[in-house]
Undergrad: 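I'd like to ask you about the structure that follows.
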Amino acid sequence: MNSFFKYFTDIFYAVKSLLTGMKVTGRYFFSPWEIVTQQYPENRKTLKMYDRFKGEVIMPHNEHNEHRCTGCGICETACPNGSIEILQAKIDMPDGKKKRIIDKHIYHLDMCTFCGLCIKSCPSEAIVWGQEFEHAVFDRSKLTKILNKPGSSIIKDIVE
Amino acid sequence: MKEIINLPVKNVEEEEYHINMGPQHPSTHGVLRLVVSLQGEIVKSLKPHCGYIHRGIEKMCEKDTYPQIIHLTDRMDYLSAHINNHAVCMLVEKALEVEVPERVTYIRTIIDELNRIASHQLWWCSFGMDMGGLTCFFYGLRDREKILDIFEESFGSRLLHSYYTPGGLMMDIHPDFQKNVKAFIKYFRKKIKDYDDLLTGNIIMQLRTKGVGILTKEDAISYGVTGPSGRASGFACDVRKHHPYGVYDKTEFKEILGTKGDTFERYMMRMHEMLESMKIIEQLIDNIPAGDYKAKMKAVIKLPAGEYFQRVEAARGELGVYVVSDGNKSPYRMKFRSPNFSNLSVLDHISRGCKIADLVAIGGSLDYVIPDIDR
């Protein structure tokens, strides 16, 4: 007799537990204001990433096409997997001395792990995080970037 | 004619056969290959084949300096990335005898616990999906998104942060961090009731998990199963409680122990742990002391020659980091004791005699992350 009742109470509790789960999904079905989905490609114009978002490493230039990079190569040694290559050049100063400047700051975005050690170690704050995150391209060679713009020079007051 | 009739007929049901579960099986949560020996539907034995995602992280550490190692530990157990970073940072600080500011230890402890909640939320999603409930997957990920937004606002990335450095943090927390964490805890306390309604009380899930894959306390200790899976068997192995680091010794929280050690108990352990983690965060979030966010360290970190060991409680168990240093700026040998590798080794033992469908439930409850097994 006892097992007879247990058979029916088990069925009752089983159905009840399933209905409790259905209640949760049903509640969200009838409360569309709780939906948190973002319509990504459609909201591209209004989408704004957080200020600290690590999209890619960029080198900001001012309106005179000047940057802050001295070409010291500290970021190159700080990088754990060789995503940064620094090519240096030497120019003749007016006082006859030779000065070392940056020729090319090559950044391999495809190898970057976004650890942030280069930006943290930079003594003159020449490189910062950019907000761009849509990095998909058809050719891998496009992911190798040269951060200093052509014809750019260093801001005068930066000392090494 | 007579000979043909007398040919021995093989009984197919009694014969053992092997099937490969993985490396592309959705319920192994990664590239893990299990060679399962079956008799009918019953699992007779099981052999895990690791190494499909072996990257040689321990060897790569030998060429990197100590701050550079941090970003590699992210990629072991990527769901508890902050906790892995914490282990290496504490090891370096212990070896150099550097005192980190109190603010750093508070922030680190809060973020570790947030990371643990996020990890358990993702586990809940995937466990529900393994059981056949796809709804769980969406609800769990929706709530995990709130934590990832907090992470993204403060550290700039969602999964692999590299936020801790030896001696402190990369940068200070975002000014809105405390406000957002408090809002999240208020939100998640409501939503965790949905989890219980949806999956914990569900009769199908209970019948599939209760009494399945029983792991005794003795076996848990001898196989080295730690974390929530070990505590479900009654093995008191919480590093936060027994060897406190960070500010865990100043907070009050329970080490929840199970008795039965079956799949349902392992499920409940993680559900309880999320509540305990929220309690820890609530105690600390208002009391973050002011101060510097990093201690002064030398530009080139060199550990004195010797052997060092540090362990932390990661989301899946005890993570140990062992370093042999010869006085250079990179370690001579680095070894990680990863929790998932030990937890995987017990899978053969507890799944013998179960049905093949139960193997999915047991594997889901052990909650392994494959890159941590292979490293």
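This is a predicted model, so every value here is computed, not measured. So that the names make sense, note that chain A is the first sequence line, chain B the second, and so on, each numbered from 1.
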Undergrad: Non-hydrogen atoms of chain B under 4.5 Å away: do they reach the side chain of A:Tyr28, the backbone, both or neither?
TA: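 Just the side chain, heavy atoms under 4.5 Å.
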
Undergrad: With a 4.5 angstrom heavy-atom cut-off, which part of B:Ile204 approaches chain A: side chain, backbone, both or neither?
TA: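 Only the side chain of B:Ile204 comes within 4.5 Å of chain A.
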
Undergrad: Around atom NZ of A:Lys16, are there more than 12 heavy atoms of other residues, nucleotides or ligands at under 6.0 Å?
TA: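 At most 12 heavy atoms, drawn from other residues, nucleotides or ligands, come within 6.0 Å of this atom.
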
Undergrad: Quick one: CG on B:Asp194 to OG1 on A:Thr20, what's the gap to the nearest 0.5 Å?
TA: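 The distance works out to 11.5 Å.
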
Undergrad: Crowded around B:Lys59 NZ? As in, over 12 foreign heavy atoms under 6.0 Å?
TA: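 No, because the 6.0 Å sphere around NZ of B:Lys59 holds 12 heavy atoms or fewer from other groups.
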
Undergrad: Just wondering, do B:Ile203 and A:Asp10 contact through their side chains at under 4.5 Å, heavy atoms?
TA: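 With C-beta onward as the side chain, the pair stays apart.
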
Undergrad: Applying a criterion of heavy atom separation less than 4.5 Å, what residues of residues 104-120 of chain A form contacts with chain B?
TA: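 Residues A:Thr113, A:Cys115, A:Gly116, A:Leu117, A:Lys120 are the ones that qualify, each having a heavy atom under 4.5 Å from chain B.
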
Undergrad: So does A:Phe133 have more than 12 non-hydrogen atoms from other groups sitting under 6.0 Å from CZ?
TA: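 Atom CZ in A:Phe133 is packed in, count exceeds 12.
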
Undergrad: For the CD atom on A:Gln38, are there more than 12 heavy atoms of other groups (residues, nucleotides or ligands in this structure) within a distance under 6.0 Å?
TA: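 No, not enclosed.
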
Undergrad: Are more than 12 heavy atoms from other residues, nucleotides or ligands located less than 6.0 Å from atom NZ of B:Lys182?
TA: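 Enclosed: over 12 neighbouring heavy atoms sit under 6.0 Å from NZ of B:Lys182.
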
Undergrad: Taking OH in B:Tyr332 as the centre, count heavy atoms belonging to other residues, nucleotides or ligands within less than 6.0 Å. Is the count above 12?
TA: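 Open: at most 12 neighbouring heavy atoms sit under 6.0 Å from OH of B:Tyr332.
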
Undergrad: Of all of B:Met60, B:His71, B:Met171, which one pairs up most often with chain A through heavy atoms under 4.5 Å apart?
TA: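 Winner by heavy-atom pair count: B:His71.
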
Undergrad: If you count heavy-atom pairs under 4.5 Å with chain A, which of B:Leu207, B:Asn202, B:Asp64, B:Thr65 comes out on top?
TA: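 That would be B:Asn202.
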
Undergrad: Look at atom OH of A:Tyr40 and say whether more than 12 heavy atoms of other residues, nucleotides or ligands are closer to it than 6.0 Å.
TA: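 For A:Tyr40, atom OH is crowded (more than 12 foreign heavy atoms under 6.0 Å).
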
Undergrad: Quick one: closest heavy-atom pair of B:Gln68 and A:Ala78, and the distance?
TA: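 Reported closest heavy-atom pair: NE2-O, 2.8 Å.
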
Undergrad: Establish, for the pair B:Arg158 and A:Phe53, whether the NZ or CZ atom is under 6.0 angstrom from the six-membered ring centre and no further than 45 degrees off its axis.
TA: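 Here B:Arg158 fails the 6.0 Å and 45° test against A:Phe53.
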
Undergrad: Check each atom of B:Tyr163 against the heavy atoms of chain A and say whether the ones under 4.5 Å are side chain, backbone, both or neither.
TA: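 Neither part, no heavy atoms under 4.5 Å.
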
Undergrad: Between B:Asp196 and chain A, which part of the residue has a heavy atom less than 4.5 Å away: side chain, backbone, both or neither?
TA: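 Contact with chain A involves no heavy atom of B:Asp196 at all.
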
Undergrad: So which part of B:Lys63 gets closer than 4.5 Å to some heavy atom of chain A, the side chain, the backbone, both or neither?
TA: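 Just its side chain gets close to chain A.
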
Undergrad: Which residues in residues 45-52 of chain A have any heavy atom closer than 4.5 Å to a heavy atom of chain B?
TA: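 Residues A:Met49, A:Tyr50, A:Arg52 are the ones that qualify, each having a heavy atom under 4.5 Å from chain B.
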
Undergrad: Working to the nearest 0.5 Å, report the span between NZ of A:Lys23 and CG of B:Leu198.
TA: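 Answer rounded to 0.5 Å: 11.5 Å.
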
Undergrad: About how many Å separate OG1 of A:Thr37 and CZ of B:Phe138, when rounded to the nearest 0.5 Å?
TA: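 Reported value, rounded in 0.5 Å steps: 9.5 Å.
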
Undergrad: Is B:His161 in contact with chain A via its backbone, its side chain, both, or neither, using a 4.5 Å heavy-atom distance?
TA: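 Only the backbone of B:His161 comes within 4.5 Å of chain A.
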
Undergrad: Could you tell me whether A:Glu125 atom CD has more than 12 heavy atoms of other residues or ligands within 6.0 Å of it?
TA: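 No, because the 6.0 Å sphere around CD of A:Glu125 holds 12 heavy atoms or fewer from other groups.
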
